[in-house]
Number of protein chains: 2
Amino acid sequence: MPAIVDPNDYTPKYYQLVTILRERISSGELLPHQPIPSERQLEDIYSVSRTTIRQAIDLLVRQGFLYREHGRGTFVSPQKLQKGISELTSFSEDMRARGIEPGQKILELKMAVPSEEVRQRLELPADQDEVLFIERLRLGDGVPMGLMTSYHVLPEGLTLDREGLEAVGSIYSLLQEKFHLIATEADETLEAVLATPREAGLLQIAAGSPLLLSVRVTYSQYRRAMEYVKILYRADRYQYFAKLTR
Amino acid sequence: MPAIVDPNDYTPKYYQLVTILRERISSGELLPHQPIPSERQLEDIYSVSRTTIRQAIDLLVRQGFLYREHGRGTFVSPQKLQKGISELTSFSEDMRARGIEPGQKILELKMAVPSEEVRQRLELPADQDEVLFIERLRLGDGVPMGLMTSYHVLPEGLTLDREGLEAVGSIYSLLQEKFHLIATEADETLEAVLATPREAGLLQIAAGSPLLLSVRVTYSQYRRAMEYVKILYRADRYQYFAKLTR
DNA sequence: GACATCATGTGGTTGTTACCAGTATTATCG
DNA sequence: CGATAATACTGGTAACAACCACATGATGTC
């Protein structure tokens, strides 16, 4: 594993280095709290400059794989159960990361005139008068996990019906491929609520059961709001994870 | 505001630049979605190298104040209500950030032998047989906000009684000043639960009311667990905020 | 032996230079 | 006029050099 430089590899050197180091960590070659080679040593080992070494280590530190101590060295972080789960994920990705097979049952899907609350959350321009509204029961391994209500801002002129959504797979991939719109950031609030009779019925629990309510506004790479999503999770089946840093 | 370089200022140049740019943003001089000067222009304006410029911009991008577009420029992010609240904060800091005056009523404080659950969460070594246990009612503007139960790993030989805690202010400042232990990271889970009669009484709500349960393990800069904290928040008075990124 | 000093190794900061990779405008050609 | 090509920006990657700040262990001194 000497010098990196795969001439056929178009990925940046620093990122090749990230991959190599992460592999050496997850393979168990580098153990928790043990130092990795110093930056000067890594220069020789992989024949890249310290600039590139530091760029790679910076990323791994931010991802929580390594930690630095000034004057002492760079060390391997102990592996936590949950990796970096303060990342923006879709319901499906979230479920798969937990080892659960996601599913859904669409209750309603239509273009609709947004309420004032939805307009404000999505910071809608005046000329946008319709958004895509979806209500669906979200399943994990076939059983109800949560009730999701979402409002999506679609590019001018585009609409979507149930068949269209099922044909394209996910709204995200449609927006990305056709319009280069990518979800890059989101603001989320979480609170505890009690299930109403309707919600309880759909989620197959008793009315008055606790639910975890997630309200999220997702922003594109241009920092424009692109969707407003509420999910009511069954408290007995769902916990929210967060990784906090100082 | 020409060159930076305050010779009396010990803070790094890139951080001085971060402060300057953040000020220019929050003052409204640089408006959302407007480009900031290019990296080459900033070199001339502040008489620092592009290395330093990029280091400052990197930090501001990670903090959510700016976003970059390859080939186009660097732009100001629209200001959200909640700044970067996926940061590790104490209850007191959290409350103050929300404009609420924090308070507490200590219900119990003692050295105790940890249960197996607590031992595992704190990854306690075999020779550590006692931890500091605290149960307290947390107040916001004088009214109950939540019920906090915490277990703290103290350095060998150190104990703490109620008077000692009140004298030193906070456990964090004590551990930092005496032992250079700093909380740098935490794993947190959130779920919805119902109030038991005891909890309801302490929090002055009806039994069966919804509560937001936060369970957190905090790690030091050496990635050793240093505390295990559960907080039961009144759902009608507390929402959890998170900022997610891709 | 206890303590201050120094040498050496670590990560942290900064400057300079060069070139690559996208984007947008302008000039040019058919 | 319309499509294409050149060009002049933007941020992204990379190398090399120098020095600072912190930690540690060896060394020397009292």
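First the proteins, then the strands, lettered A, B, ... as listed; each starts at 1. These numbers come from the heavy atoms of this one structure, side chains and all, not from hydrogens, waters or symmetry mates.
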Ignoring hydrogens and angles, state whether a donor on the side chain of A:Glu188 or B:Tyr240 is under 3.5 Å from an acceptor on the partner side chain.
no
Which word best sums up how the rings of B:Tyr151 and B:Tyr228 line up, parallel for under 30°, tilted for 30 to 60°, or perpendicular for over 60°?
parallel
Do A:Glu43 and A:Arg50 sit within salt-bridge range, that is, some charged N less than 4.0 Å from a carboxylate O?
no
In whole angstroms, the gap separating C1' of C:dT10 from CD1 of A:Ile36 amounts to 12 Å
Mind running side chain to side chain donor-acceptor pair (under 3.5 Å) on B:Tyr172 and B:His152 for me, showing each step along the way?
CA-CA 10 Å; B:Tyr172 299 116; B:His152 303 263; 5.8 Å; no
DNA chain D: first to last nucleotide in contact with chain B (atom under 4.0 angstrom from a heavy atom), 5' to 3', is D:dT10 to D:dT13
Does a donor on one side chain sit under 3.5 Å from an acceptor on the other, for A:Thr218 and A:Glu227?
yes
Output the rounded distance in Å from OH (B:Tyr14) to C1' (C:dG15).
16 Å
What one-letter contact string describes nucleotides 16-22 of chain C from 5' to 3', where B marks a base within less than 4.0 Å of any protein heavy atom, S marks contact via sugar-phosphate atoms alone, and - marks no contact?
B-BB-BB
To the nearest Å, how far apart are B:Lys13 NZ and C:dG15 C1'?
8 Å
Please determine if A:Glu123 and A:Arg224 form a salt bridge, counting it only when a charged side-chain N lies under 4.0 Å from a carboxylate O.
no
Using a strict threshold of under 4.0 Å (side-chain N to carboxylate O), is an ion pair present between A:Arg40 and A:Asp44?
no
Let me know the distance between CD of A:Gln55 and P of C:dG11, rounded to the nearest Å.
17 Å
Look at A:Gln41 and C:dT10 and indicate whether a side-chain polar atom (N or O) is within less than 4.0 Å of OP1 or OP2.
yes
Could you tell me how far apart A:Tyr67 (OH) and C:dG11 (P) are, to the nearest whole angstrom?
13 Å
Determine whether A:Val131 and A:Leu154 satisfy the following criterion, side-chain contact (heavy atoms from CB on, under 4.5 Å), listing intermediate values before the conclusion.
CA-CA 7 Å; A:Val131 295; A:Leu154 297 186; over 6 Å; no
